[in-house]
**Q** 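Okay, handing you the structure first.
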Protein chains: 2
Amino acid sequence: MSKSLIELTPVEAVACCTPMTREPMTGAQAERVSALLKALADPVRLQLLSLVASHEGGEACVCDLSEAFDLSQPTISHHLKVLHQSGLLDRSKRGVWVYYKVRADVLDSLGKLISSAGA
Amino acid sequence: MSKSLIELTPVEAVACCTPMTREPMTGAQAERVSALLKALADPVRLQLLSLVASHEGGEACVCDLSEAFDLSQPTISHHLKVLHQSGLLDRSKRGVWVYYKVRADVLDSLGKLISSAGA
DNA sequence: ACTGGATATTGACCTCTGTCAATATTTATC
DNA sequence: GATAAATATTGACAGAGGTCAATATCCAGT
């Protein structure tokens, strides 16, 4: 038996798709992939992701991230939650600090899928 | 003298960025790249793009695209306009028909940038 | 020119989302 | 356990965005 759509991991949601030049996406596939893209399609979240990605090990503490923005702490927390819940960032708590880490596999698959729409 | 931010083409907007694992994006870079991602981050537009991409030559007539959706003609037209104005699709009119074509270079650059956030 | 078909624009409606202030939760330290 | 610091949650608000009906524009053929 196959997993229901809801249970699909983000990797599976993206890995499902053949190159876009070979076959159009179904509505359901587009729905799941666009959920990932929505999470990325915000300037603050994109910069947050790049900050995390450029840290050693692709991991960074929230305390390091907040300083880069002129935004309230709840707002940064909100954006990190979106990135985490979409499956683009992993979250781990150590003591009082929370670390976010890039899901390299997800970002790699997603990037390849987008590139596949070109030649 | 360098171009103002407004004048940057979509390709330039994306090609500007070093891999995300090497250097975090600036606010301005994130702003421009997220504009492209916003255009992609809709299920209908993503499926539209995949339909165009999977046609011969990466080009398709609007007449071929509308049928795949249960949406009004103005809505499809609106989504195509968003994809075109963001720089993801080229537009050309031949007689009464309008053809949209994928900007392979833009999609390739964008995909590589996203993948660069992984290892 | 007139008619018909293909696509675009306008204006309105409703939902979704980014932001903040205030408050809550968790954890280390005293 | 009380306090302080780091992060998350809640609730409210304003602005952005997807959708449609109605209308406009553009082009081919008669």
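Letters A, B, ... mirror the listed sequences (proteins, then strands); counts begin at 1.
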**Q** Between atom CD in A:E67 and atom C1' in D:dT7, what is the gap in whole Å?
**A** 14 Å

**Q** What is the distance from CD of A:Q47 to P of C:dG18, rounded to the nearest Å?
**A**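 One finds 15 Å between P of C:dG18 and CD of A:Q47, rounded.
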
**Q** Is B:P24 close to A:Q47 at the side-chain level, that is, under 4.5 Å between some pair of heavy atoms?
**A**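 Counting from C-beta outward, A:Q47 and B:P24 never come under 4.5 Å.
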
**Q** Please tell me whether A:L88 and A:Y99 are part of a single hydrophobic cluster in this structure, the criterion being side-chain heavy atoms less than 4.5 Å apart.
**A** no

**Q** Could you point out which residue of A:L89, A:L65, A:D42, A:V82 forms a side chain to side chain contact (heavy atoms under 4.5 Å, CB included) with A:L48?
**A** A:L65

**Q** Take the protein atom CG of A:D70 and the nucleotide atom P of C:dG18, then report the distance between them rounded to whole Å.
**A** 18 Å

**Q** When you compare the side chain of B:L40 with that of B:R45, does any pair of heavy atoms fall below 4.5 Å?
**A**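 SC-SC contact between B:R45 and B:L40 ruled out.
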
**Q** Indicate for each nucleotide in nucleotides 3-17 of chain C, in 5' to 3' sequence, whether protein heavy atoms under 4.0 Å reach the base (B), only the sugar-phosphate (S), or nothing (-).
**A** ---SBBB--------

**Q** If I take atom CG in residue A:L65 and atom P in nucleotide D:dA6, what distance separates them, rounded to the nearest angstrom?
**A** 14 Å

**Q** Other residues, nucleotides and ligands only: do more than 12 of their heavy atoms fall within 6.0 Å of NZ on A:K38?
**A**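 More than 12 heavy atoms, drawn from other residues, nucleotides or ligands, come within 6.0 Å of this atom.
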
**Q** Run the side-chain donor-acceptor check on residues 69-77 of chain A: report pairs under 3.5 Å with partners two or more places apart or on a different chain.
**A**
| residue | atom | partner | partner atom | Å |
| --- | --- | --- | --- | --- |
| A:S72 | OG | A:T75 | N | 3.4 |
| A:S72 | OG | A:T75 | OG1 | 2.9 |

